[in-house]
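The block underneath contains the structure these notes are about, expressed in structure tokens.
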Amino acid sequence: MDLEITAEDSTFFCEDGDENGLLNGSSSDEAESTSEPRSGNDRPNMLSEFASEFYSGGSDYSSLMGNKKKNGLFVQKNLLQMWGIEKSGAADSSESRVSMENRKRKKSENEKEQWAVFGLNQKEFEKGKKPAIVQSRSCPFYKKIPGTPFTVDAFRYGAIEGCSAYFLSHFHYDHYGGLSKRWCHGPIYCTSITARLLNICLSVNKRYICALELDKEYEIEGVKVMLIEANHCPGAALIHLRLRDGRTYLHTGDFRASKSMQSHPILLSYHVNVLYLDTTYCNPKYRFPSKEEVIDFVVRTTRKYLQKQPKTLIVVGAYSIGKERVYLAISQSLQILPIYTDASRRRILESFGWSELSGRFSNSRHSSPLHVLPLSFLGLENLNKYLETLNQRFNAVLAFRPTGWTFSEATGSKLDMIKPTSRGNVTIFGVPYSEHSSFNELRDFVKFLRPEKIIPTVNASSSGSRDKMQALFNNWLKS
DNA sequence: GCGATCAGTT
DNA sequence: CACAACTGATCGC
């Protein structure tokens, strides 16, 4: 099961590209099971140990520090523990034990349901006989590009039959999932920033990484390829493809559409036949302000709080890459320096080679008035304890959680209506800083491109939402 | 003991 | 409530 297939041989891709039943309404869910058996480990791992152990901590930026040693790596249990304000281990609060047991019970209830639902008896289930639909995880159709040997963001399916070029649109877990130092199924095409992250965070063998410059045309397996800035996270790209037969495809990966995208020469020069679209917020209820407006709000708010209380610690939450502009803007417009973040995130941010960012960082929590912390840490309780660890240096915390969903039509784009949650000296603002297109931005982009066919890549698993989106597309494209 | 996958969290 | 994107727990080799 180790076939070397050329572009022309790749018969598994439906030539007419209509197997997905999205436009013509034909019912073929079978397209999805165009069976590639998971041929996971059919090849000896011939990778050399080029990456040092130091880098093998995955994308978890916190894994390089901390208090517990695991396989030669230091892995932290908990930020508060590591700063010495909370005991580790033996904390035998009966509360946590109870919730553990609750979870266990919940779990086993789920299992009971499972074997019943899938028509297995309990013995079969416990023996590990898995229902068929769980067993076969094959690459969904919308990750394959018909008429090419290409896939996009499809790394968790082992070797994909007929695929000789694997594109990665950007470095977020739900897109790169499946990549590791053991990847050996074929070349990975991505931007140079993403390429560096594959090396630094996942130790993917360099011989599989093919970095492409933005806005430059390449020819790969007979297809003209161009990556375009996606306005998502650093390194994120739209993938523009022109096949030999004249068809043009655009895969947006994850993106935030904007007016300026509409003046990209290649989008003006070639009519797009098929659009693979990031439909994350493809519902009229998602209206949020531009990034600039949100950043302006964040800066204004920060200024206000600092005037009231100069000894305020500013905190911005972020999980992996993305949202950099939020804390950069605070730092730049209010001359707040340096920025503290942990060593691992710092390494990642500095790898962008972004001169505005690099050079602003410090290792010292105590000497920095602006901290970038994991989003999951941004709660009232945690921040309050955090403030205590910085004894006396600060006497209040102002935190921002930049997330996409925050607002629906009611609150709309009136940023000043945002009410923070606060307790004592800790204030937390959720701000609608989105790195995906709003509904209107999506609509405008689609109306600009006027593709013949749109394949949603998000929210596409239920037929209900697929139909809903298709109705919207039809409406946008009529007349 | 490890990586892969699932389920739960914000 | 939403939701993408994580994190931690459990599974299976």
Side-chain angles (χ1 to χ4, degrees), chain A residues 38 40-41 45 53 56-63 68-73 75-79 96 99-111 113-114 125-130 134-135 137 153 155-158 169-183 201-203 232-233 236 253-256 278-288 317-323 345 373-383 399-411 421 428 430 432-439 457-462 465:
Chain A
R38 295 166 41 71
N41 45 3
N45 183 350
E53 278 196 339
S56 62
S59 61
D60 174 13
Y61 40 78
S62 56
S63 63
K68 250 203 176 154
K69 206 165 184 201
K70 191 187 169 193
N71 311 325
L73 279 177
V75 175
Q76 76 177 61
K77 249 243 133 15
N78 164 328
L79 285 176
S96 70
S99 74
M100 276 264 267
E101 269 158 24
N102 274 339
R103 202 182 307 168
K104 258 190 192 154
R105 209 182 50 231
K106 231 183 189 171
K107 174 85 204 300
S108 69
E109 275 164 14
N110 282 345
E111 278 172 1
E113 263 171 47
Q114 274 183 43
F125 187 82
E126 278 162 4
K127 270 214 170 113
K129 188 168 173 184
K130 284 283 151 61
V134 178
Q135 226 163 27
R137 276 175 72 97
D153 299 339
F155 301 95
R156 31 189 333 167
Y157 315 100
S169 65
H170 65 290
F171 195 76
H172 275 159
Y173 181 76
D174 49 335
H175 295 259
Y176 69 66
L179 280 177
S180 71
K181 61 169 176 250
R182 304 188 327 184
W183 174 264
C201 303
L202 304 178
S203 302
H232 183 64
C233 63
D254 278 359
F255 81 132
R256 182 154 184 184
D278 164 21
T279 44
T280 299
Y281 294 124
C282 189
N283 181 316
K285 71 182 174 185
Y286 295 115
R287 299 166 166 280
F288 34 73
Y319 7 64
S320 60
I321 55 170
K323 327 284 184 189
R345 185 195 298 274
L373 300 177
L375 250 191
S376 58
F377 186 74
L378 295 209
L380 291 170
E381 190 91 28
N382 280 340
L383 289 175
F400 296 98
R401 317 180 104 252
T403 76
W405 58 269
T406 325
F407 290 126
S408 50
E409 64 266 81
T411 11
T421 53
I428 305 173
Y433 186 85
S434 175
E435 290 180 332
H436 292 277
S437 314
S438 69
F439 180 77
T457 58
V458 182
N459 300 320
S461 50
S462 97
S465 70

> Less than 4.5 Å apart, any side-chain heavy atom of Y319(A) and any of S376(A)?
Replying inline: no
> Is the F288(A) to Y281(A) ring centre distance short of 6.0 Å?
Replying inline: yes
>> Is it true that H172(A) and D254(A) share a donor-acceptor pair across their side chains at a distance under 3.5 Å?
In response: no
>> At 4.0 Å (heavy atoms only), tell me whether N283(A) reaches a base, stays on the sugar-phosphate, or touches nothing.
In response: nothing
> Does H436(A) place a side-chain N or O at less than 4.0 Å from the phosphate oxygens OP1/OP2 of dA5(C)?
Replying inline: yes
>> Nearest whole Å is fine: how far is dG8(C) C1' from Y319(A) OH?
In response: 16 Å
> Does a side-chain N or O from H232(A) land closer than 4.0 Å to OP1 or OP2 of dA5(C), or not?
Replying inline: yes
> Is any side-chain N or O of N459(A) closer than 4.0 Å to OP1 or OP2 of dC3(C)?
Replying inline: no
> Do the two ring centres, one from Y286(A) and one from F439(A), sit under 6.0 Å apart?
Replying inline: no
> Quick one: which of dG3(B), dT5(B), dT10(B) gets closest to the side chain of K181(A)?
Replying inline: dG3(B)
>> Of the options dG3(B), dC3(C), dA5(C), whose atoms approach the side-chain atoms of K285(A) most closely?
In response: dC3(C)
>> Whole angstroms only, please: what is the OH-P distance between Y173(A) and dC6(B)?
In response: 10 Å
> What integer distance in Å separates F439(A):CZ from dC3(C):P?
Replying inline: 14 Å
> OP1 or OP2 of dA4(B) sitting under 4.0 Å from any side-chain N/O of R182(A)?
Replying inline: yes
>> Any side-chain N or O of Y286(A) below 4.0 angstrom from OP1/OP2 of dC3(C)?
In response: yes
